[in-house]
Amino acid sequence: MNSTSISAKDKRTINIVFFLSAVIITLATLQNQLPSGLVGALGIMAVVGYILNLIGNKTPIINQFFGGGAIVVIFGSSYIFHSGWMPHETVTTVTTFMDGGGFLAFFIASLVTGSVLGMDSNVLKKAALKYIPVILGSVFFAFLFAGVVGHLLGEGFFESIMLIALPIMGGGMGAGAVPLVEIMSGQTDMSSEALMSKMVPALAIGNAIAIVVAGLLNKLGQYVPSLTGNGRLMRDGDAKELMEEIKDAHTVQQLGLGALLAITMFFVGTMLGSVIDMHPYALMIIFVALVKVSGLLPRELEVAAHGWSKFVVDNLTPALLVGIGVVYTDLEQIVAALTWENLLMVFTTVVGAVIGSALVGRMMGFYPIEAAITGGLCMANMGGTGDVAVLASCKRMELMPFAQISSRLGGALMLILATLILQLLSSVL
């Protein structure tokens, strides 16, 4: 239904229904009567997400420079759920839903499938060929900045790269820090515990800084429109990455088809991942892109997939950000690691990633801000959850396919680089 066709009376009624729903769900939660599973988790996540998102979008300075609702939802929900305000059982329900329920995977699959199938095929082919240099530029400048600042602070040039920049640019915890620790503990004199205690705070702070910087880049794009495509990556004037004539209103059948396509593509990525040594998300992106450029799918199905992704983003993003805040954001860990040396090294690493990806991206024909967001910030955040948070902060969810390429393929690149650097150092020393 188009919002312009809703009368003032109906709007009031809708707001009253929303308010009563929020009151009922909140009371049930505080009395520890929240149902387990999807119903309970999604209910409280939606309520908390909506309220915090509204607060963030209405709060001056935060809504202008720091990503608005997205950043308030993530950090606010982390505090609310872990400070004793919510029953422990509610935290467990949300954690189980996020970890075991596959909510994040469902969201990313919907977004990737709809975004890729909603692109112009020619633009997709051009962007894919030019995107890897953007990632490499991001990594080079991030390493350079971290190494120089680390050297000036007395932490050592290569030590800062290996212990700060590499894990930050490595694609998150499971795909980045953990395998990096395994690689480095066997080839350095540092224990796994010592390495993890150094890398994990850097990851957490880097992720938080990336989310804030994403909001600042969005604001920069408003001040300097020539730097941004407002969600379009390529600077090709005639080519639009999103379908030009997709109607806002979709039938229930179209949305159902779009959901089925997204789930099917996720299944394909998972099955391919069992025989190919690559992350299922990366394989899913590659498969969806091949389907798109081959022209196998009729336009009606592409429209359905794009419509479903828009439906998911518009309705489920605040709830998902609550899950990210509760499950993947440890405020105590971030605060404990906030020494000025750590903060400066992490900050310069993220800034280096932004500058490198923006410069190389512009040379490759991309808008600098979109290149900085996908090739820079989505390399510096904590994988899939970080991608969602960063893109929500800068209001560019349609860039998810390129964000996932950075997180997955870029993360794998960091593991290869770590191995090569350690082998080089051991041969020199």
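Just so we're clear, the structure is a prediction, and the values are computed from it rather than from any experiment.
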May I ask you to test the [X]-[Y] pair for a side-chain heavy-atom distance under 4.5 Å?
X    : Y    : result
F366 : R235 : no
M45  : V94  : yes
L42  : F103 : yes
L52  : I80  : yes
T29  : I25  : yes

Can you give me the closest heavy-atom contact between [X] and [Y], atom names plus distance?
X    : Y    : value
V390 : C378 : CG1-SG, 4.2 Å
P167 : L163 : CG-O, 3.3 Å
W85  : Y79  : CZ2-CE2, 4.3 Å

Is there a donor-acceptor contact under 3.5 Å from the side chain of [X] to the main chain of [Y]?
X    : Y    : result
S274 : M271 : yes
N315 : F311 : yes
N207 : L203 : no
T26  : V23  : no
S393 : A389 : no
T113 : S110 : no
K292 : V116 : no
S138 : G375 : yes
T349 : A165 : no
S406 : T374 : yes

Item checked: E370 and R396 ion-paired at < 4.0 Å ->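 Between R396 and E370 there is a salt bridge, with a charged N closer than 4.0 Å to a carboxylate O.
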Note to self: What I want to find out is whether E398 reaches K310 closely enough, with some N-O distance under 4.0 Å, to be called a salt bridge.
What the structure shows: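 No, no charged N to carboxylate O under 4.0 Å.
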Next item on the list: Decide yes or no on side chain to side chain contact (heavy atoms under 4.5 Å, CB included) for L321 and V388, but give the supporting numbers first.
Entry: CA-CA 8 Å; L321 294 178; V388 175; 4.0 Å; yes
Check: Hey, are S226 and Y367 close enough side-chain-wise for a donor-acceptor pair under 3.5 Å?
Finding: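 Absent: no donor and acceptor within the cut-off.
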More than 12 heavy atoms of other groups within 6.0 Å of [X] [atom1]:
X    : atom1 : answer
F140 : CZ    : no
F106 : CZ    : yes
E332 : CD    : no
H151 : NE2   : no

Next item on the list: For side chain to side chain contact (heavy atoms under 4.5 Å, CB included), just list the numbers for F107 and M397, CA-CA rounded to whole Å, side-chain angles, deciding distance to a tenth of an Å, and then say yes or no.
Entry: CA-CA 11 Å; F107 188 94; M397 279 292 192; 4.2 Å; yes
Next item on the list: On the 0 to 90° scale, with breaks at 30° and 60°, tag the F18-Y50 ring pair as parallel, tilted or perpendicular.
Entry: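 Aromatic pair F18/Y50 classed tilted.
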State which residue, out of [options], fulfils the side chain to side chain contact (heavy atoms under 4.5 Å, CB included) condition with [X].
X    : options          : value
I373 : V213, L217, N218 : L217
I405 : V112, I285, I286 : I285
T90  : T95, L34, V326   : L34

Check: Would L261 and L257 count as a side chain to side chain contact (heavy atoms under 4.5 Å, CB included) if you check the C-alpha gap in whole Å, the side-chain angles of each, and the deciding distance to 0.1 Å?
Finding: CA-CA 6 Å; L261 267 176; L257 283 172; 5.8 Å; no
Next item on the list: Would you sort out whether L104 and V327 count as a side chain to side chain contact (heavy atoms under 4.5 Å, CB included), showing the intermediate values?
Entry: CA-CA 11 Å; L104 179 63; V327 181; over 6 Å; no
Check: What's the spacing between L117 CG and S309 OG if we round to 0.5 Å?
Finding: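 One finds 9.0 Å between CG of L117 and OG of S309.
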